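Worksheet: the structure to be examined is printed underneath.
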Amino acid sequence: MKIGIIKEMAPDERRVSGTPETVKKFKALGADVAVESGAGLSAAISDADYAAMGATVADRAATVADADIILGVQGPDPASIAGAKPGAWIVAGLNPFVERARIDAYAAAGFEALAMEFMPRITRAQSMDILSSQSNLSGYKAVLDAAAEYGRSFPMMMTAAGTVSPAKAFIMGVGVAGLQAIATARRLGAQVSATDVRSATKEQIESLGAKAIFVESVAGIEGEGKGGYATEMSEEYQKAQAELVSGHIAKQDIVITTALIPGRAAPRLISDAQIASMKPGSVIVDLAVEQGGNVEGAVLGQVVERHGVKIVGHKNVPSRLAADASALFARNLYNFLSAFWNKERNAPVLDEEIGNAIRVTQGGKVVSERLLQLTGALS
């Protein structure tokens, strides 16, 4: 069993899918591990670090040659891994809804592509969940990015010259990223409030010491879809929420938006008119900018200013914490493969529940129900 860890080629991608820690663990399972030279440099991992754990360090062609499993952070170009074995697994974040052409190319090449972001949110798969591990860091980094752009302090400061008021931070969307953003903003001393369409998050918000901002007038709307993700809301709820948020957002110094719906464009949470109501010098961080953005006027990869308010739209936020993000991502992949490792075959053997959920190509075809359903809906 040969596992290949390749260097990421996507722009602004600094993470790596394997670390010396996971190389050592894969070796202990009985696998041979090959690492592409330079794969870990942007995450502060040298080739020598990999070699010290028993990995073979070589160029891309030698790394993927006869590989049974190829690990990546993002899905590799199919042509660049042509030397892998027929039916080799590609285990990475594949972004299947956006990169459909690449998924089709994996199928045509005979690869079995496993989209780690399709991992079901069940108890036994928590340690394999790349979305949670990376979103946790994104929420933390979003607050730091906001603090860097905000021209004032976060905590209240009492000095001989007078008192400095604390910043008011509002978190929109209370998934993993939002909860970490709440906790981080609180640690920095801000007055924090938060909102979400899922009523179950109210208790989570309050448990972190933040104020929950919820629509109370529209009953019977839970806003929670399959797997615990947010889902689209009714027009009635959206109108009520917009009115509530408009009054609240005008008083905020920092706003962080994190709302995503799997397979769809990010919902619009903040309009240009709401931005105009905010105080000059305020900061908005849009963590959903890569899926179209929660904020009107957000620009992917840029910090722009509208009505005196800075809108931060950094790309690939987890990659801005490359060393820690890589360590967590690599553990997710190891936890996944090791959980299904069959000692007799010296290879992982997936069960139906997780295998069917994450497998997108097999036997020369696209087999993911989620992708096929979307294709049928669009045709």
Side-chain angles (χ1 to χ4, degrees), residues 1-5 15 17-19 22 25-26 28-31 33 67-76 84-85 87-100 102-103 106-107 110-136 175-176 224-231 260-263 318 325-375:
M1 168 59 60
K2 178 181 177 180
I3 298 174
I5 297 170
R15 294 171 292 177
S17 57
T19 62
T22 59
K25 290 180 176 180
F26 280 126
L29 289 177
V33 183
D68 300 279
I69 298 174
I70 296 171
L71 303 184
V73 175
Q74 298 191 40
K85 286 183 179 178
W89 288 9
I90 302 171
V91 183
L94 300 180
N95 197 12
F97 295 118
V98 175
E99 300 289 350
R100 179 57 193 269
R102 191 168 63 195
I103 299 299
Y106 291 150
F111 293 123
E112 184 166 331
L114 305 177
M116 289 296 290
E117 61 268 64
F118 281 4
M119 187 66 65
R121 286 197 159 173
I122 55 178
T123 300
R124 68 189 181 97
Q126 286 181 346
S127 67
M128 314 170 193
D129 186 351
I130 64 169
L131 294 182
S132 292
S133 73
Q134 303 303 289
S135 294
N136 193 48
V176 174
E224 187 162 323
K226 186 177 181 181
Y229 293 97
T231 187
L260 292 170
I261 299 174
S326 296
L328 296 180
F329 195 102
R331 288 172 195 157
N332 290 146
L333 299 190
Y334 171 78
N335 291 338
F336 162 59
L337 293 173
S338 64
F340 294 101
W341 201 268
N342 184 299
K343 292 183 179 180
E344 293 181 359
R345 298 189 188 183
N346 193 33
V349 179
L350 302 185
D351 65 13
E352 286 190 9
E353 183 178 28
I354 289 180
N356 291 345
I358 68 173
R359 187 182 295 112
V360 292
T361 67
Q362 188 180 45
K365 298 184 295 184
V366 174
V367 296
S368 169
E369 289 187 8
R370 293 177 68 177
L371 281 181
L372 295 173
Q373 289 172 357
L374 180 64
T375 301

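Numbers for residues simply follow the sequence, beginning at 1. Predicted model, so just to flag it, every value in this text is computed and none were measured.
Taking the ring-ring contact (aromatic ring centres under 6.0 Å, His included) definition, one finds that Tyr106 meets it with nothing, sequence neighbours left out. In this structure, the side chain to side chain donor-acceptor pair (under 3.5 Å) partners of Glu353, at least two apart in sequence or on a different chain, are Arg124. Taking Phe111 as the reference, nothing meets the ring-ring contact (aromatic ring centres under 6.0 Å, His included) condition, with sequence neighbours excluded. Partners of Asn356 according to the side chain to side chain donor-acceptor pair (under 3.5 Å) rule, which considers only residues two or more places apart in sequence or in another chain, are Arg359. Partners of Ser338 by side chain to side chain donor-acceptor pair (under 3.5 Å), not counting sequence neighbours: none found. Residues satisfying the side chain to side chain donor-acceptor pair (under 3.5 Å) criterion with Asn342, sequence neighbours excluded, are absent altogether.
Contact record, Pro318 with Ala325: O-CB, 3.3 Å, taken as the closest heavy-atom pair. A pairwise comparison of heavy atoms in Gly72 and Phe329 identifies O-CE2, 3.5 Å as the closest pair. Here the closest non-hydrogen pair linking Pro96 and Val360 is CG-CG1, 4.4 Å. Closest approach of Asn332 and Ser133 over heavy atoms only: OD1-OG, 2.7 Å. Taking both residues in full, the closest heavy atoms of Lys2 and Asp68 are given as N-OD2, 2.7 Å, listed atom of the first, atom of the second, then distance. Closest non-hydrogen pair, Pro120 versus Ala357, comes out as CD-CB, 3.8 Å.
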Given side-chain contact (heavy atoms from CB on, under 4.5 Å), test Leu94 with Phe118 step by step and report yes or no. CA-CA 9 Å; Leu94 300 180; Phe118 281 4; over 6 Å; no
Under the side-chain contact (heavy atoms from CB on, under 4.5 Å) criterion, do Val349 and Phe340 qualify, and how do the steps go? CA-CA 5 Å; Val349 179; Phe340 294 101; 5.6 Å; no
Tyr334 and Leu29: CA distance, side-chain angles, deciding distance, side-chain contact (heavy atoms from CB on, under 4.5 Å) verdict: CA-CA 10 Å; Tyr334 171 78; Leu29 289 177; 3.8 Å; yes
Intermediate values then yes/no, side-chain contact (heavy atoms from CB on, under 4.5 Å), Leu350 and Leu114: CA-CA 11 Å; Leu350 302 185; Leu114 305 177; 4.1 Å; yes
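Side-chain contact between Gln134 and Arg15: present, with at least one pair of heavy atoms (C-beta onward) separated by less than 4.5 Å. Side-chain contact between Phe97 and Arg370 is present, with heavy atoms from C-beta onward closer than 4.5 Å.
Note that CD1 of Ile122 and CD1 of Ile354 are 4.5 Å apart. Values are rounded to the nearest 0.5 Å. Here CZ of Phe336 is found 3.5 Å from CD1 of Ile358. Values are rounded to the nearest 0.5 Å. Here the CG-CD distance, from Asp129 to Gln126, works out to 8.0 Å after rounding to the nearest 0.5 Å.
Here the options are Thr19, Ile69, Leu333, Leu71, the test is side chain to side chain contact (heavy atoms under 4.5 Å, CB included), and the partner is Ile5; only Leu71 passes.
Side-chain N or O atoms of Glu117 include none that pairs as donor or acceptor with a backbone N or O of Ile130 at under 3.5 Å. For Ser135 (side chain) and Leu131 (main-chain N/O), a donor-acceptor pair under 3.5 Å exists by modelled atom type.
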